[in-house]
Amino acid sequence: MRLTRFVILDFARFVFALLIAIKHFDGFAAPPKAYLAVDFFFILSGFVLSVAYVDKFKSKDFYMNFITDRISRIYPLHILTLFALIPIHILYYITSGGKILESGWSYQDGIFYTFVLNVLLIQNVGVNSSVSWNAPSWSISVEMFVNLFLGLILIAVVHKRIVWPFLIAVPIACYAIIFSQFGSLAVTYERAFGFINSGLLRGIAGIFLGVVSFQCWRWLETRPKIITAAIYVSITTIMVSLLIMIVPIKIPNGDFAIVPIMFCFITSVAIVEARRPIRFGYIRSILIYLGALSYSVYLIHWVVLTFIRYQIAYVWEVNLNFDSPISLLAFIAITLALSALIHQSFEIPMKNKLKAWFA
(Lines give C-alpha, C1' and ligand atoms only; values in the text may rest on other atoms or scores of the structure.)
Protein backbone atom coordinates (compact mmCIF):
# COMPACT_ATOMS: atom_id res chain seq x y z
CA MET A 1 0.00 0.00 0.00
CA ARG A 2 1.42 3.37 -1.01
CA LEU A 3 2.29 5.77 1.80
CA THR A 4 -0.08 8.75 1.80
CA ARG A 5 1.17 10.70 4.84
CA PHE A 6 4.70 12.03 4.79
CA VAL A 7 5.37 13.01 8.38
CA ILE A 8 8.74 14.66 7.86
CA LEU A 9 7.49 16.71 4.93
CA ASP A 10 4.48 17.84 6.99
CA PHE A 11 6.81 18.86 9.80
CA ALA A 12 9.03 20.73 7.34
CA ARG A 13 5.95 22.67 6.25
CA PHE A 14 5.39 23.67 9.89
CA VAL A 15 9.02 24.80 10.25
CA PHE A 16 8.84 26.89 7.09
CA ALA A 17 5.51 28.43 8.15
CA LEU A 18 7.15 29.40 11.43
CA LEU A 19 10.10 30.93 9.55
CA ILE A 20 7.68 33.09 7.57
CA ALA A 21 6.00 34.23 10.79
CA ILE A 22 9.41 35.15 12.25
CA LYS A 23 10.31 36.98 9.05
CA HIS A 24 7.10 39.03 9.22
CA PHE A 25 7.78 39.81 12.89
CA ASP A 26 10.80 41.61 11.45
CA GLY A 27 12.80 41.69 14.64
CA PHE A 28 15.20 39.35 16.36
CA ALA A 29 16.63 36.60 14.13
CA ALA A 30 14.38 37.45 11.16
CA PRO A 31 15.40 35.11 8.30
CA PRO A 32 16.04 37.37 5.29
CA LYS A 33 14.83 34.94 2.63
CA ALA A 34 11.99 33.18 4.42
CA TYR A 35 9.72 34.11 1.51
CA LEU A 36 11.32 31.20 -0.35
CA ALA A 37 9.36 28.88 1.94
CA VAL A 38 6.28 29.67 -0.16
CA ASP A 39 7.94 27.96 -3.13
CA PHE A 40 8.41 24.91 -0.92
CA PHE A 41 4.69 25.02 -0.09
CA PHE A 42 3.79 25.10 -3.78
CA ILE A 43 6.07 22.19 -4.71
CA LEU A 44 4.93 20.14 -1.72
CA SER A 45 1.29 20.86 -2.57
CA GLY A 46 1.71 19.49 -6.09
CA PHE A 47 3.47 16.41 -4.72
CA VAL A 48 1.05 15.64 -1.89
CA LEU A 49 -2.06 16.18 -4.01
CA SER A 50 -0.64 13.89 -6.67
CA VAL A 51 -0.06 11.17 -4.08
CA ALA A 52 -3.52 11.60 -2.57
CA TYR A 53 -5.59 11.77 -5.74
CA VAL A 54 -3.75 10.21 -8.67
CA ASP A 55 -5.27 6.77 -8.08
CA LYS A 56 -8.82 8.09 -7.66
CA PHE A 57 -9.29 9.37 -11.18
CA LYS A 58 -11.56 6.50 -12.22
CA SER A 59 -14.37 7.80 -10.05
CA LYS A 60 -16.98 9.58 -12.16
CA ASP A 61 -17.16 12.34 -9.55
CA PHE A 62 -13.39 12.64 -9.17
CA TYR A 63 -13.00 16.22 -10.33
CA MET A 64 -15.90 17.56 -8.28
CA ASN A 65 -14.73 15.66 -5.20
CA PHE A 66 -11.21 16.97 -5.71
CA ILE A 67 -12.35 20.61 -5.89
CA THR A 68 -14.74 20.33 -2.93
CA ASP A 69 -11.99 18.71 -0.87
CA ARG A 70 -9.67 21.61 -1.67
CA ILE A 71 -12.30 24.24 -0.85
CA SER A 72 -13.14 22.48 2.42
CA ARG A 73 -9.48 22.41 3.35
CA ILE A 74 -8.51 25.94 2.34
CA TYR A 75 -11.53 28.21 2.56
CA PRO A 76 -12.86 28.11 6.18
CA LEU A 77 -9.66 29.23 7.90
CA HIS A 78 -9.01 31.81 5.22
CA ILE A 79 -12.45 33.36 5.82
CA LEU A 80 -12.03 33.23 9.61
CA THR A 81 -8.73 35.10 9.54
CA LEU A 82 -10.09 37.56 6.97
CA PHE A 83 -13.10 38.44 9.13
CA ALA A 84 -10.93 38.54 12.27
CA LEU A 85 -9.15 41.53 10.73
CA ILE A 86 -12.37 43.57 10.45
CA PRO A 87 -12.68 44.46 14.16
CA ILE A 88 -8.94 45.16 14.23
CA HIS A 89 -9.40 47.61 11.36
CA ILE A 90 -12.37 49.29 13.05
CA LEU A 91 -10.64 49.55 16.42
CA TYR A 92 -7.53 51.02 14.83
CA TYR A 93 -9.57 53.52 12.79
CA ILE A 94 -11.44 54.73 15.88
CA THR A 95 -8.50 54.84 18.31
CA SER A 96 -5.99 56.31 15.86
CA GLY A 97 -8.18 59.27 14.93
CA GLY A 98 -9.34 58.05 11.53
CA LYS A 99 -6.17 56.48 10.18
CA ILE A 100 -6.39 53.50 7.83
CA LEU A 101 -4.61 50.36 8.92
CA GLU A 102 -1.16 49.89 7.36
CA SER A 103 -1.40 53.42 5.92
CA GLY A 104 -3.30 52.06 2.94
CA TRP A 105 -0.27 50.39 1.38
CA SER A 106 -1.97 47.02 1.11
CA TYR A 107 -5.29 48.40 -0.06
CA GLN A 108 -4.23 50.32 -3.15
CA ASP A 109 -7.14 48.84 -5.09
CA GLY A 110 -9.65 49.93 -2.43
CA ILE A 111 -10.55 48.45 0.95
CA PHE A 112 -13.98 47.13 -0.05
CA TYR A 113 -12.87 45.92 -3.47
CA THR A 114 -9.94 44.00 -2.02
CA PHE A 115 -12.20 42.58 0.68
CA VAL A 116 -14.51 41.15 -1.98
CA LEU A 117 -11.50 39.73 -3.83
CA ASN A 118 -10.38 38.05 -0.61
CA VAL A 119 -13.83 36.61 0.05
CA LEU A 120 -13.77 35.10 -3.45
CA LEU A 121 -10.15 33.97 -3.00
CA ILE A 122 -9.07 35.72 -6.20
CA GLN A 123 -6.99 38.44 -4.55
CA ASN A 124 -3.78 37.40 -6.29
CA VAL A 125 -4.60 36.00 -9.68
CA GLY A 126 -4.02 39.11 -11.74
CA VAL A 127 -6.79 41.49 -10.64
CA ASN A 128 -4.72 43.25 -7.97
CA SER A 129 -1.88 45.73 -7.74
CA SER A 130 -0.78 44.84 -4.17
CA VAL A 131 -1.37 42.33 -1.41
CA SER A 132 -4.36 43.02 0.83
CA TRP A 133 -5.93 42.17 4.18
CA ASN A 134 -4.32 38.94 5.44
CA ALA A 135 -1.23 39.39 3.29
CA PRO A 136 0.12 35.79 3.39
CA SER A 137 -3.17 34.56 1.92
CA TRP A 138 -1.97 35.69 -1.52
CA SER A 139 -0.42 32.25 -1.91
CA ILE A 140 -3.67 30.58 -0.81
CA SER A 141 -5.44 32.46 -3.59
CA VAL A 142 -2.87 31.25 -6.09
CA GLU A 143 -3.01 27.66 -4.85
CA MET A 144 -6.80 27.53 -5.03
CA PHE A 145 -6.74 28.96 -8.54
CA VAL A 146 -4.13 26.45 -9.73
CA ASN A 147 -5.99 23.61 -7.97
CA LEU A 148 -8.94 24.23 -10.27
CA PHE A 149 -6.74 22.91 -13.07
CA LEU A 150 -4.65 20.43 -11.08
CA GLY A 151 -7.44 17.85 -10.98
CA LEU A 152 -7.54 17.85 -14.76
CA ILE A 153 -3.75 17.62 -14.86
CA LEU A 154 -3.78 14.58 -12.57
CA ILE A 155 -6.31 12.81 -14.78
CA ALA A 156 -4.24 13.60 -17.85
CA VAL A 157 -1.04 12.36 -16.21
CA VAL A 158 -2.65 9.06 -15.26
CA HIS A 159 -3.97 8.61 -18.78
CA LYS A 160 -0.60 9.71 -20.16
CA ARG A 161 -2.19 12.55 -22.05
CA ILE A 162 0.43 14.82 -20.54
CA VAL A 163 3.93 13.62 -21.19
CA TRP A 164 7.11 14.32 -19.29
CA PRO A 165 8.38 17.11 -21.58
CA PHE A 166 5.22 19.14 -20.96
CA LEU A 167 5.29 18.65 -17.17
CA ILE A 168 8.91 19.77 -17.07
CA ALA A 169 8.53 22.59 -19.60
CA VAL A 170 5.79 24.42 -17.66
CA PRO A 171 7.82 25.12 -14.46
CA ILE A 172 10.94 25.90 -16.49
CA ALA A 173 9.02 28.43 -18.58
CA CYS A 174 7.41 30.05 -15.51
CA TYR A 175 10.67 30.32 -13.57
CA ALA A 176 12.41 31.60 -16.69
CA ILE A 177 9.87 34.43 -17.00
CA ILE A 178 10.28 35.34 -13.32
CA PHE A 179 14.07 35.21 -13.70
CA SER A 180 14.14 37.40 -16.79
CA GLN A 181 11.58 39.93 -15.53
CA PHE A 182 12.47 40.20 -11.83
CA GLY A 183 15.70 38.27 -11.13
CA SER A 184 14.28 37.13 -7.80
CA LEU A 185 11.52 34.98 -6.29
CA ALA A 186 10.59 37.80 -3.90
CA VAL A 187 7.54 38.64 -6.02
CA THR A 188 3.83 38.25 -5.36
CA TYR A 189 1.55 40.63 -7.29
CA GLU A 190 4.04 42.26 -9.71
CA ARG A 191 3.25 41.75 -13.38
CA ALA A 192 5.62 40.23 -15.92
CA PHE A 193 5.35 41.84 -19.35
CA GLY A 194 2.77 44.14 -17.80
CA PHE A 195 -0.03 41.58 -17.47
CA ILE A 196 1.12 38.18 -16.06
CA ASN A 197 0.81 37.94 -12.27
CA SER A 198 4.17 36.94 -10.78
CA GLY A 199 2.69 35.12 -7.79
CA LEU A 200 0.55 33.05 -10.11
CA LEU A 201 3.65 32.14 -12.09
CA ARG A 202 5.35 30.98 -8.87
CA GLY A 203 2.33 28.88 -7.97
CA ILE A 204 1.98 27.25 -11.38
CA ALA A 205 5.71 26.53 -11.53
CA GLY A 206 5.89 25.10 -8.02
CA ILE A 207 2.76 22.95 -8.17
CA PHE A 208 3.69 21.55 -11.59
CA LEU A 209 7.16 20.82 -10.23
CA GLY A 210 5.49 18.97 -7.36
CA VAL A 211 3.72 16.73 -9.89
CA VAL A 212 7.11 16.06 -11.50
CA SER A 213 8.52 15.27 -8.04
CA PHE A 214 5.71 12.76 -7.54
CA GLN A 215 6.48 11.11 -10.87
CA CYS A 216 10.17 10.89 -9.94
CA TRP A 217 9.33 9.45 -6.52
CA ARG A 218 6.99 6.84 -8.02
CA TRP A 219 9.74 5.78 -10.42
CA LEU A 220 12.53 5.75 -7.82
CA GLU A 221 10.77 4.33 -4.74
CA THR A 222 11.15 0.73 -5.89
CA ARG A 223 14.85 0.99 -6.73
CA PRO A 224 16.67 -1.28 -4.25
CA LYS A 225 19.85 0.79 -3.80
CA ILE A 226 18.34 4.25 -3.72
CA ILE A 227 17.59 4.52 0.01
CA THR A 228 21.12 5.36 1.20
CA ALA A 229 21.57 8.09 -1.39
CA ALA A 230 18.10 9.45 -0.55
CA ILE A 231 19.00 9.77 3.13
CA TYR A 232 22.13 11.81 2.34
CA VAL A 233 20.28 13.97 -0.19
CA SER A 234 17.49 14.63 2.35
CA ILE A 235 19.87 15.80 5.04
CA THR A 236 22.00 17.88 2.69
CA THR A 237 19.14 19.61 0.92
CA ILE A 238 17.23 20.60 4.08
CA MET A 239 20.40 22.05 5.61
CA VAL A 240 21.19 24.00 2.44
CA SER A 241 17.59 25.25 2.19
CA LEU A 242 17.64 26.54 5.76
CA LEU A 243 21.04 28.18 5.24
CA ILE A 244 19.84 29.98 2.12
CA MET A 245 16.80 31.34 3.98
CA ILE A 246 18.47 32.17 7.29
CA VAL A 247 22.02 33.32 6.51
CA PRO A 248 22.11 36.93 5.20
CA ILE A 249 24.29 36.35 2.14
CA LYS A 250 23.44 38.25 -1.03
CA ILE A 251 24.02 36.29 -4.23
CA PRO A 252 22.71 37.70 -7.53
CA ASN A 253 19.75 35.60 -8.67
CA GLY A 254 20.51 33.23 -5.79
CA ASP A 255 16.83 32.65 -5.03
CA PHE A 256 16.44 30.30 -7.96
CA ALA A 257 19.04 27.87 -6.60
CA ILE A 258 16.59 26.82 -3.89
CA VAL A 259 14.03 25.47 -6.38
CA PRO A 260 15.98 22.35 -7.47
CA ILE A 261 17.22 21.95 -3.88
CA MET A 262 13.67 21.84 -2.50
CA PHE A 263 12.61 19.57 -5.35
CA CYS A 264 15.37 17.11 -4.40
CA PHE A 265 14.51 17.45 -0.70
CA ILE A 266 10.84 16.57 -1.21
CA THR A 267 11.58 13.68 -3.56
CA SER A 268 14.34 12.18 -1.41
CA VAL A 269 12.42 12.51 1.88
CA ALA A 270 9.42 10.82 0.26
CA ILE A 271 11.68 7.92 -0.78
CA VAL A 272 13.08 7.61 2.75
CA GLU A 273 9.64 7.79 4.41
CA ALA A 274 8.18 5.23 2.01
CA ARG A 275 10.98 2.79 2.87
CA ARG A 276 11.67 3.68 6.50
CA PRO A 277 8.67 5.47 8.04
CA ILE A 278 8.99 6.86 11.55
CA ARG A 279 7.88 4.09 13.90
CA PHE A 280 8.25 5.77 17.30
CA GLY A 281 4.62 6.51 18.10
CA TYR A 282 5.04 9.58 20.28
CA ILE A 283 7.57 11.23 17.95
CA ARG A 284 5.37 10.51 14.96
CA SER A 285 2.32 11.93 16.73
CA ILE A 286 4.13 15.15 17.64
CA LEU A 287 5.42 15.66 14.11
CA ILE A 288 1.99 14.96 12.62
CA TYR A 289 0.34 17.42 15.00
CA LEU A 290 2.84 20.19 14.32
CA GLY A 291 2.53 19.57 10.60
CA ALA A 292 -1.24 19.89 10.89
CA LEU A 293 -0.78 23.31 12.55
CA SER A 294 1.24 24.72 9.64
CA TYR A 295 -1.75 26.20 7.78
CA SER A 296 -3.08 27.83 10.95
CA VAL A 297 0.33 29.28 11.79
CA TYR A 298 0.69 30.61 8.26
CA LEU A 299 -2.60 32.54 8.31
CA ILE A 300 -3.10 33.39 11.98
CA HIS A 301 0.33 34.91 12.63
CA TRP A 302 -0.48 37.91 10.41
CA VAL A 303 -3.64 38.69 12.41
CA VAL A 304 -1.68 38.50 15.66
CA LEU A 305 1.14 40.62 14.28
CA THR A 306 -1.24 43.25 12.87
CA PHE A 307 -2.85 43.74 16.28
CA ILE A 308 0.50 43.86 18.06
CA ARG A 309 2.20 46.29 15.71
CA TYR A 310 -0.62 48.71 15.01
CA GLN A 311 -2.86 48.62 18.06
CA ILE A 312 -0.60 47.71 20.96
CA ALA A 313 2.68 49.27 19.84
CA TYR A 314 1.46 52.25 17.78
CA VAL A 315 -1.90 53.37 19.20
CA TRP A 316 -1.54 52.27 22.80
CA GLU A 317 2.18 53.11 22.72
CA VAL A 318 3.28 50.04 24.64
CA ASN A 319 7.06 49.89 24.48
CA LEU A 320 7.78 46.64 22.67
CA ASN A 321 11.33 45.77 21.66
CA PHE A 322 10.96 43.73 18.50
CA ASP A 323 14.70 43.06 18.46
CA SER A 324 14.44 41.23 21.76
CA PRO A 325 14.40 37.41 21.71
CA ILE A 326 11.83 37.52 24.52
CA SER A 327 9.43 39.52 22.32
CA LEU A 328 9.92 37.02 19.49
CA LEU A 329 9.30 34.05 21.79
CA ALA A 330 6.15 35.70 23.13
CA PHE A 331 4.90 36.28 19.58
CA ILE A 332 5.62 32.67 18.63
CA ALA A 333 3.93 31.38 21.80
CA ILE A 334 0.79 33.44 21.19
CA THR A 335 0.67 32.39 17.53
CA LEU A 336 1.10 28.70 18.34
CA ALA A 337 -1.46 28.79 21.13
CA LEU A 338 -4.07 30.45 18.93
CA SER A 339 -3.21 28.16 16.02
CA ALA A 340 -3.67 25.06 18.17
CA LEU A 341 -6.96 26.34 19.56
CA ILE A 342 -8.41 27.37 16.21
CA HIS A 343 -7.14 24.26 14.43
CA GLN A 344 -8.92 22.01 16.91
CA SER A 345 -12.09 24.04 17.49
CA PHE A 346 -12.66 25.52 14.03
CA GLU A 347 -10.42 24.33 11.19
CA ILE A 348 -11.07 20.59 11.54
CA PRO A 349 -14.81 20.79 12.35
CA MET A 350 -15.50 23.31 9.57
CA LYS A 351 -13.58 21.24 7.03
CA ASN A 352 -15.69 18.20 7.91
CA LYS A 353 -18.94 20.21 7.87
CA LEU A 354 -18.17 21.72 4.49
CA LYS A 355 -17.35 18.33 3.01
CA ALA A 356 -20.60 16.95 4.38
CA TRP A 357 -22.52 19.95 3.02
CA PHE A 358 -21.01 19.54 -0.44
CA ALA A 359 -21.82 15.83 -0.35
Side-chain angles (χ1 to χ4, degrees), residues 4-22 24 37-38 40-42 44-49 51-53 65-88 115 118-124 132-148 150 203 207 284-308 331-359:
T4 56
R5 176 175 286 278
F6 296 88
V7 178
I8 297 175
L9 290 177
D10 272 352
F11 177 67
R13 179 160 44 194
F14 167 78
V15 172
F16 286 145
L18 203 55
L19 283 180
I20 288 176
I22 296 171
H24 288 157
V38 175
F40 171 81
F41 297 154
F42 286 142
L44 182 61
S45 178
F47 175 84
V48 170
L49 291 176
V51 173
Y53 291 100
N65 290 336
F66 175 79
I67 296 302
T68 55
D69 282 352
R70 300 312 300 147
I71 293 173
S72 301
R73 170 74 176 93
I74 290 174
Y75 196 69
L77 188 59
H78 163 69
I79 282 294
L80 177 68
T81 54
L82 173 62
F83 276 82
L85 284 167
I86 294 177
I88 295 177
F115 183 79
N118 276 266
V119 169
L120 298 175
L121 252 183
I122 56 172
Q123 69 269 30
N124 208 88
S132 58
W133 294 84
N134 191 349
S137 70
W138 75 265
S139 65
I140 308 303
S141 169
V142 168
E143 181 165 342
M144 190 66 243
F145 187 82
V146 177
N147 282 172
L148 292 175
L150 183 59
I207 291 174
R284 181 181 175 84
S285 298
I286 291 172
L287 296 182
I288 289 174
Y289 180 72
L290 291 177
L293 289 184
S294 58
Y295 185 43
S296 297
V297 170
Y298 185 65
L299 288 185
I300 290 169
H301 84 270
W302 188 264
V303 181
V304 174
L305 186 57
T306 300
F307 185 77
I308 290 174
F331 167 66
I332 291 174
I334 293 169
T335 299
L336 290 179
L338 280 175
S339 297
L341 175 64
I342 292 173
H343 173 72
Q344 198 65 36
S345 63
F346 179 84
E347 186 181 358
I348 295 176
M350 285 305 298
K351 179 178 72 174
N352 294 333
K353 286 181 180 179
L354 258 187
K355 290 179 72 172
W357 181 80
F358 277 122

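- A side-chain donor from one of Ser45 and Glu143 sits under 3.5 Å from a side-chain acceptor of the other.
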For residues 73-83, tabulate all N or O donor-acceptor pairs below 3.5 Å that involve a side-chain atom, not counting sequence neighbours.
| residue | atom | partner | partner atom | Å |
| --- | --- | --- | --- | --- |
| Arg73 | NH1 | Glu347 | OE2 | 2.9 |
| Tyr75 | OH | Val119 | O | 2.6 |
| His78 | NE2 | Asn118 | O | 2.6 |
| Thr81 | OG1 | Leu77 | O | 3.0 |
| Thr81 | OG1 | His78 | O | 3.0 |
| Thr81 | OG1 | Asn134 | ND2 | 3.2 |

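- Summarising the geometry, atom CZ belonging to Phe6 is positioned 12.5 Å from atom CD1 belonging to Ile288; distances are rounded to the nearest 0.5 Å.
- In this structure a side-chain-to-backbone donor-acceptor pair under 3.5 Å is present from Ser141 to Leu121.
- Taking the six-membered ring for Trp and thresholds of 30 and 60 degrees, His24 and Trp302 have ring planes more than 60 degrees apart, a perpendicular arrangement.
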>> One pair to check against side-chain contact (heavy atoms from CB on, under 4.5 Å): Asp69 and Lys355. What are the steps and the verdict?
In response: CA-CA 7 Å; Asp69 282 352; Lys355 290 179 72 172; 3.3 Å; yes
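- By the side chain to side chain donor-acceptor pair (under 3.5 Å) test, Asn65 pairs with no residue at all, sequence neighbours left out.
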> Going through the checks in order, is the side-chain contact (heavy atoms from CB on, under 4.5 Å) test met by Phe42 and Val142?
Replying inline: CA-CA 9 Å; Phe42 286 142; Val142 168; 3.9 Å; yes
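- Of all the heavy atoms in Gly291 and Ser294, the pair that sits closest is O-OG, 2.8 Å.
- Remark: aromatic rings of Tyr298 and Phe16 are distant, center separation not under 6.0 Å.
- Rounded to the nearest 0.5 angstrom, Ile71 CD1 and Leu354 CG are separated by 8.5 Å.
- Residues Leu9 and Val48 form no side-chain contact, since every pair of their non-hydrogen atoms from C-beta on lies 4.5 Å or further apart.
- Considering every non-hydrogen atom in both Phe41 and Ala17, the closest pair reads CZ-N, 3.7 Å.
- The OG atom of Ser137 lies 14.0 Å from the CE atom of Met144; values are rounded to the nearest 0.5 Å.
- A distance of 9.0 Å separates CZ of Phe346 from NZ of Lys353, quoted to the nearest 0.5 Å.
- Listed by chain and residue number, nothing satisfies the side chain to side chain donor-acceptor pair (under 3.5 Å) test with Ser339 (two or more places apart in sequence, or in another chain).
- With rounding to the nearest 0.5 Å, the separation of CG in Leu299 from OG in Ser139 is 7.5 Å.
- Each of Thr335, Ile22, Thr306 was compared with His301 under the side-chain contact (heavy atoms from CB on, under 4.5 Å) criterion, and only Thr335 meets it.
- Taking Leu287 as the reference, Val7, Phe11, Ile278, Ile283 meet the side-chain contact (heavy atoms from CB on, under 4.5 Å) condition, with sequence neighbours excluded.
- Side-chain contact check for Ile308 versus Phe331: some heavy-atom pair is nearer than 4.5 Å.
- Under the rule for a side-chain contact (heavy atoms from CB on, under 4.5 Å), the partners of Ala292 that lie at least two apart in sequence or sit in another chain are His343.
- Atom CZ of Phe66 is separated from atom CG of Asn147 by 5.0 Å, given to the nearest 0.5 angstrom.
- For Trp133, the side chain to side chain donor-acceptor pair (under 3.5 Å) test picks out Thr114, with sequence neighbours left out.
- Annotation: side chain of Leu85 is in contact with side chain of Ile88 (closest heavy-atom distance under 4.5 Å).
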